[in-house]
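The next block holds one structure in the form of structure tokens; read it before the comments.
Each chain gets a letter, A, B and so on, in the order its sequence line appears, and its residues count up from 1. Side chains included, hydrogens not; waters and symmetry mates left out as well; all remaining heavy atoms used.
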Number of protein chains: 2
Amino acid sequence: MSPARARTSRAAIVAAGREVLEERGLDGVSMASVARRVAVRPPSLYKHVRDRSALIAAIATDAANELAQAIEAAGGADDPPEHRLASMAHAFREFARRSPRATAMLFAGLEPGAGPSLESLARAARPVVDAGEALAGPAGALPAARALTAFAYGFTSMEAAGAFQLGGNVNEAFEQGVAALSSGFARRA
Amino acid sequence: MSPARARTSRAAIVAAGREVLEERGLDGVSMASVARRVAVRPPSLYKHVRDRSALIAAIATDAANELAQAIEAAGGADDPPEHRLASMAHAFREFARRSPRATAMLFAGLEPGAGPSLESLARAARPVVDAGEALAGPAGALPAARALTAFAYGFTSMEAAGAFQLGGNVNEAFEQGVAALSSGFARRA
DNA sequence: ACCTGAACACCGTTCAAGT
DNA sequence: ACCTGAACACCGTTCAAGT
């Protein structure tokens, strides 16, 4: 009559997984560590996620959706496209600083099946492509969006990895890169 | 009098590790799989590398040195800096296509201690900074080099991850991105 | 001086048994 | 319907014993 009530949920498991990911890295996201955090034994997780790689994929998709939301919020105004792109690039960088390891998961080519869902990534890409079209016209939209996304991701990823060891003003390099790409693609419109 | 002669070497182990890395991914680089490839039992590896994370770091450093060589070769001529930068960006992209998983290791922020040596990365960065200085002057050299490296890395990483799903001409986006960054930073010189 | 088998702790996963 | 302990295969690592 009272079959065992759920003591956790898929959402709680994914959220716990994201915490562990940022604290201990991807290797630290074990079924044991996540189960401990939601106060359950490891085998119980299999009632909510298929296996560890499905859990990793769910964590990545969760992060992608949060990123999409941040980018939508930043790109919504009807400013000139250069401003929207700069503001989305900033939002991306802030997300990457909050969630560096999740950001790496979104782009850095995990094993097939362990990455975020394509829909969640497409949702994050849409506002960038829209602003790219406003900037560079229909033909230039996709290359412009790709270049800006690649730049923002590459930059923040190197930043998170501590790759900028030579001093200098890192913020300025980011600003100038975004500005250079914007004006470079705009000219071709 | 004839103590056991070495049946393998650190170099052979690192080379085997790089093969396994590209074939099966980072998770596939186990002490067991690498030992099998060099025809030795797992415990023997510990005579040549401290532990698995030191092996991963050695694989990353090996890849960084190969990348540095490719970039040095591409950036050597005394062409105008725009040409040198474009040619180094192409060399980077070719390396990333040959060794996609190693490339991800070089930039995508592994756990501390598992990344490539800083010297090997600095060696790869040097020719880019030099060309950046020729393009943008002493003050603009570092931002220009960082922006171009971030772009090239981000782009090839997304390419390897299959992130460019929307069709269109991917090569063209890469070319245009490099050109936009070059001219954007040159103008500020 | 390096290689090996045995051993240990740990993890992902399955499954029968609980409630 | 979900949770659990027990069990299995696998991996990283150590170490004493071989040559």
With the side chain defined as heavy atoms from C-beta on, A:A32 is closest, among D:dG12, C:dT4, C:dC11, to C:dC11
Using the side-chain heavy atoms of A:S30, tell me which of these nucleotides is nearest: D:dT4, D:dT13, C:dG12. C:dG12
Quick one: the dot-bracket string of DNA chain D, using Watson-Crick and G-U wobble pairs with both distances under 3.5 Å, [ ] for crossing pairs and | for bases paired to another strand. ||.|||||...|||||.||
Between P of D:dC15 and CE of B:M31, the distance in whole Å: 15 Å
B:S117 backbone acceptor or donor facing B:S120 side chain under 3.5 Å: yes
When rounded to the nearest 0.5 Å, the distance separating CD of B:E72 from CG of B:D130 is 10.0 Å
Is B:R146 close enough and on-axis enough to A:F155, meaning under 6.0 Å and within 45°, for cation-pi? no
Can you check whether B:R7 has a side-chain N or O nearer than 4.0 Å to OP1 or OP2 of C:dC2? no
Listed nucleotide nearest any side-chain atom of B:Y46, set D:dG12, D:dT4, C:dT13: D:dG12
For atom NE2 of B:H48 and atom C1' of C:dA1, their distance in whole Å: 10 Å
From CG of A:D51 across to P of C:dT13 the rounded distance in Å is 5 Å
Could you check how far CG of B:L45 sits from P of C:dC2, rounded to whole Å? 13 Å
Would the number of heavy atoms belonging to other residues, nucleotides or ligands and lying under 6.0 Å from CG of A:N171 be above 12? yes
Given D:dG12, D:dC3, D:dT14, which nucleotide is nearest the side-chain atoms of B:P43? D:dT14
Whole-Å gap separating C1' (D:dA7) and CZ (A:R41): 16 Å
NE2-OG1 distance between A:H48 and A:T8, expressed to the nearest 0.5 angstrom: 5.5 Å
Please report the distance, rounded to the nearest Å, between CG in A:L26 and P in C:dC11. 15 Å
Hey, does B:S44 reach any base, or is it just sugar-phosphate, or nothing, if we go heavy atoms under 4.0 Å? base
Could you check which of C:dG5, D:dG5, C:dC2 has an atom nearest any side-chain atom of B:K47? C:dC2
Within the pair A:R52 and C:dG12, is there a side-chain N or O less than 4.0 Å away from OP1 or OP2? yes
Calculate, to the nearest 0.5 Å, the distance between atoms CD and CG belonging to B:Q176 and A:L142 respectively. 10.5 Å
Can you check the B:R36 CZ to D:dC10 P distance for me, whole Å? 11 Å
Identified ring pair (Phe, Tyr, Trp, His ring centres under 6.0 Å) counterpart of B:F174 within the set B:Y153, B:F151, B:F92: B:F151
